[in-house]
Amino acid sequence: MSSHEEITIDTVLKNIKFQLDFKNEALIRSAYELAERAHLGQKRKSIIDAYIQHPLHTALNLAIIGLGAKTITAGLLHDVPEDTQVSLKEIEQKFGKEIASLVDGVTKLGKIKLRGTKEELYLENLRKMFLAMASDIRVVLIKLADRLHNMETLEYLPPEKQQRIALETMEVFAPIANRLGIGEIKGRLEDLSFQYLDPENYAYTEKLLHDQYGQRKKNIDRIVNELKKELLREGIDVVAIFGRTKHLYSLFQKLKRHDMDIEKIYDLIGIRIIVHDLANCYETLGIVHKKYRPLVGRIKDYISLPKPNGYQSIHTTIFGPGGDFLEVQIRTKKMDDEAEYGIASHWIYSEKKRKLKNFFMKSKHAVPEEELVWVNQLREWQSDIGKDDQEFMEGLRIDFFKNHIFAFTPRGDIIDLPEDATPIDFAYRVHSEVGNRATGAKANGKMITLDYKIKNGEVIEIITSRNHKNPSHDWIKFVRTSLAKGQIKKYLKKEGLL
Ligand code: MN
């Protein structure tokens, strides 16, 4: 999916991983026609490309990671309301509420601009992304596909913009792709950002990898051939076997941890073996070890103990015939798709949900509980949706933030609160003086009591008194956050009331 190539809607359709019925093909084609007409005459910064190439590439990225017709349709339309004469309302009339709300979600996410310190920016963006995700994860996936193409064509923008976008991609988008387990997009986003943020080290790492690969290519080809023969002889049906190199940015990070000593990086270049089922993975591991001596302590079984983001694979480092170390990764086709395309691949594999869940259950103690619950809930939720996103239920919310709610200030800032938090908790989170002077509150413009339980997504307005401070013992009884409790007690103590 080279980003500089001109593609057509047929390229997108060809890459869809579902059986596309007539209705859905018509849906996608009509979205394309609308987008093409709407963007007509517009150019991207690249000057050469007609604007339509951007939504087409976004849609192609979505098709490749396995998403369904509605998401691809929304991907084609994602810049229409923002940049053209065609309004969101028209999109809704033509394509329905669900697709319009996806497009709207992407437009809203696009309005988040970089501000504040690096950390603040990261958290703010992350929260907004999560909030969007809580209503529909497909919005985030479209945003990632959009960002990927923007990064791939970043060279056409002025240097200042390049830096801003690359930083944002590195700090916000790549971690989210990682969190969603979309290794392929994460790696590409990081490498593209790396190139702009640290061109010297990028060039250095690229050359290093290129040289190393050149030196070892012969060996790798030889091992691939030998293993192919051996596996065939042992009756293992190999789906694919190939040499692979690490992504540049992750290689550079690893080099920094190992005093820039390339000799210490064992997984620089490796071989991936993809087989049909789980039993084949372990059999293959045995065959690899029979043929090449494994490096002790380097066998990692992420199948029985998946990584926190759900990654599953067996890794082993072997002594190759040339005497170099080489990492071999063994996994099933399904695990490979999940590692590359993450959460998105669940649209394809949803029916095998139970099996996967059992894996997670068995290894529950092995990875941090919180992380696991997060991924598990995502997966669970994902598989409830069904095979394609057609069956997506309107208004469905992921509850992986079960214990969290997000509320907005009237200015649009996000306040993160525990479940059942009240306007008093909200007020103290904004500022201790807002808490101390609170006399009333509104949720979405309507008066609420001070012990009201705030709901996710509500805009909370605190009414304060200029002349009076009001904390009382009653407040302590209903507030949920220790911050509010502490502040109320502090005030009461100072006033001699506690
Ligand atoms: Mn876009």
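For ligands, and for the atoms within them, numbers begin at 1 and follow the listed sequence. Because only heavy atoms are used, hydrogens play no part in the values below, and waters and symmetry mates are left out as well, while side chains stay in.
Using a 4.0 Å cut-off between a side-chain N of Lys or Arg and a carboxylate O of Asp or Glu, D211 and K207 qualify as a salt bridge. A salt bridge between E98 and R138 is present, with a side-chain N of the basic residue lying under 4.0 Å from a carboxylate O of the acidic one. Salt bridge status for R29 with E33: absent, with no side-chain N to carboxylate O gap under 4.0 Å.
Looking only at N/O/S atoms, D79 comes nearest to the Mn ion (ligand 1) through OD2. Looking only at N/O/S atoms, D146 comes nearest to the Mn ion (ligand 1) through OD1.
The nearest N, O or S atom of H149 is not closer to the Mn ion (ligand 1) than 2.8 Å.
Using bins of under 30°, 30° to 60° and over 60° for the plane-to-plane angle, the ring pair Y249/F194 lands in the perpendicular bin.
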